[in-house]
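Right, one structure below, let's go through it.
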Amino acid sequence: MLGLLVASLALALAFFALLDGWYLVRVPCAVLRARLLQPRVRDLLAEQRYVGRVLPSDLDLLLHMNNARYLREADVARAAHLTRCGVLGALRDLGAHSVLAASCARYRRSLRLFEPFEVRTRLLGWDDRAFYLEARFVSLRDGFLCALLRFRQHVLGTSPDRVVQHLCKRRVEPPELPEDLKHWIAYNETSSQLLRAESGLSDTRKDQ
């Protein structure tokens, strides 16, 4: 019995020491909670909220939330969001999946130790290859928008149009994308062309 306990503790220690254990636990838990315990969101463009709090493990040397933690928290919130609005289920039904192809972050004010916050995630729109999402980090102390993140979620094995059509049972025109997002998309396309040329790849070959 003691040997089993020691072995279990050793496995748990290895899991958290060698892997990002909390992340590997939290994302599946967020997806299961969204699928089993929260109501389905029928409006694809509706904002969804995911509550968090800055923990000691999130801090940098200045005792602010580490910049990388915003991306991780947004990742968890985005997984829950795509589950509740049915996008992940539709991808599974169509034998497809998605990957994060690009992201950008604007930091406006630091989140501090034990400060509660909400990640407000919404789908901004889509094109022929990707969904575009936004995550707003809002302090629950005073409602200040502390960080704004944008994501390009690339769809593999099908198209965003087919995913939306599968969900809505009809053809749906994508909404007009915000002007600043269009500039960011254009930047990513230009960057892709430059990197392909730098690598000696054909212009016809697409990045993920």
Side-chain angles (χ1 to χ4, degrees), residues 23 26-52 70-106 108 117-140 143 145-189 192 206-208:
Y23 175 83
R26 289 182 62 209
V27 171
C29 286
V31 170
L32 287 174
R33 180 172 178 266
R35 182 177 297 168
L36 302 177
L37 301 178
Q38 295 179 307
R40 169 77 180 274
V41 175
R42 300 293 177 182
D43 183 359
L44 283 177
L45 303 181
E47 181 183 83
Q48 297 182 44
R49 301 186 178 193
Y50 192 92
V51 177
Y70 289 87
L71 292 168
R72 190 183 71 168
E73 294 303 307
D75 204 22
V76 177
R78 192 169 64 255
H81 176 93
L82 294 175
T83 300
R84 288 189 67 192
C85 67
V87 169
L88 289 188
L91 287 168
R92 184 178 62 251
D93 292 344
L94 295 170
H97 65 282
S98 69
V99 295
L100 184 64
S103 65
C104 68
R106 182 185 175 203
R108 302 184 67 234
F117 61 87
E118 279 184 339
V119 185
R120 300 178 181 176
T121 307
R122 65 188 179 116
L123 176 64
L124 299 175
W126 59 90
D127 57 22
D128 59 338
R129 299 180 64 207
F131 288 108
Y132 297 94
L133 297 101
E134 176 183 271
R136 292 173 171 245
F137 283 73
V138 178
S139 171
L140 293 180
L145 176 60
C146 296
L148 176 66
L149 283 68
R150 294 277 176 80
F151 304 97
R152 182 184 185 185
Q153 196 78 26
H154 190 65
V155 176
L156 301 174
T158 186
S159 68
D161 274 331
R162 285 194 62 199
V163 173
V164 175
Q165 186 173 351
H166 181 82
L167 285 171
C168 300
K169 310 305 180 187
R170 61 184 176 85
R171 179 81 166 81
V172 178
E173 289 297 324
E176 183 73 15
L177 296 174
E179 285 300 319
D180 61 332
L181 181 61
K182 291 179 182 178
H183 290 302
W184 182 60
I185 294 171
Y187 156 76
N188 280 299
E189 292 300 326
S192 292
K206 299 292 186 180
D207 291 342
Q208 289 187 350

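Computation of the quantities below employed the complete heavy-atom set of this structure, encompassing side-chain atoms and omitting hydrogens, waters and symmetry-equivalent molecules. Quick caveat, the model's predicted, so the values are computed rather than measured.
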Decide yes or no on side chain to side chain contact (heavy atoms under 4.5 Å, CB included) for Glu134 and Leu181, but give the supporting numbers first. CA-CA 10 Å; Glu134 176 183 271; Leu181 181 61; over 6 Å; no

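- Interatomic distance, CZ of Arg136 versus CD of Glu118, reported as 12.5 Å (0.5 Å rounding).
- To the nearest 0.5 Å, the span separating CZ on Arg84 from CZ on Arg33 amounts to 8.0 Å.
- Taking the six-membered ring where tryptophan is involved, the planes of Phe117 and Phe137 are tilted, since the angle between them lies from 30° to 60°.
- Side-chain contact between Arg162 and Val155 is absent, with no heavy-atom pair separated by less than 4.5 Å.
- Counting heavy atoms from C-beta outward, Arg108 and Leu148 have side chains that stay 4.5 Å or more apart.
- To the nearest 0.5 Å, the span separating CZ on Arg152 from CG on Leu124 amounts to 14.0 Å.
- In plain terms, the two heavy atoms of Pro28 and Tyr23 that are nearest each other are CD-O, 4.2 Å.
- The distance from the CG atom of Leu140 to the CZ atom of Arg49 is 9.0 Å, given to the nearest 0.5 Å.
- Counting all heavy atoms, side chain and backbone alike, Leu167 lies closest to Gly86 at CD2-O, 3.4 Å.
- Using a 4.5 Å heavy-atom cutoff, the side chains of Leu100 and Gln153 are in contact.
- The distance from atom CZ of Arg42 to atom SG of Cys168, rounded to the nearest 0.5 Å, is 10.0 Å.
- One finds the CD atom of Gln38 at 11.5 Å from the CG atom of Leu32 (value rounded to the nearest 0.5 Å).
- Here the closest non-hydrogen pair linking His166 and Lys169 is O-NZ, 3.1 Å.
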Please determine whether side chain to side chain contact (heavy atoms under 4.5 Å, CB included) holds for the pair Leu177 and Trp184, giving the CA-CA distance in whole Å, both sets of side-chain angles, and the decisive distance to 0.1 Å. CA-CA 11 Å; Leu177 296 174; Trp184 182 60; over 6 Å; no

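- Taking all atoms of both residues into account, the shortest heavy-atom contact from Ala34 to Ala80 is CB-O, 3.7 Å.
- Under the 4.5 Å side-chain criterion, counting only non-hydrogen atoms from C-beta, Phe131 is in contact with Val164.
- The shortest distance between side-chain heavy atoms of Leu71 and Asp75 does not fall below 4.5 Å.
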Criterion side chain to side chain contact (heavy atoms under 4.5 Å, CB included) on Leu133 and Leu82, from CA distance to verdict: CA-CA 10 Å; Leu133 297 101; Leu82 294 175; 4.0 Å; yes

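- The two residues Asp128 and Pro160 come nearest to each other via the heavy atoms O-CD, 3.6 Å.
- Arg72 pairs by the salt bridge (charged side-chain N to carboxylate O under 4.0 Å, His left out) definition with Asp20, Asp58, not counting sequence neighbours.
- In terms of modelled atom types and a separation under 3.5 Å, the side chain of His97 and the main chain of Gly157 share no donor-acceptor contact.
- No donor-acceptor pair under 3.5 Å is formed between the side chain of Arg171 and the backbone N or O of Gln165.
- Of all heavy-atom pairs between Tyr132 and Leu123, the closest is O-CD1, 3.4 Å.
- Among the candidates Thr158, Leu156, Val87, Leu91, the single residue satisfying the side chain to side chain contact (heavy atoms under 4.5 Å, CB included) test with Ser98 is Leu91.
- With sequence neighbours excluded, no residue forms a ring pair (Phe, Tyr, Trp, His ring centres under 6.0 Å) with Phe151.
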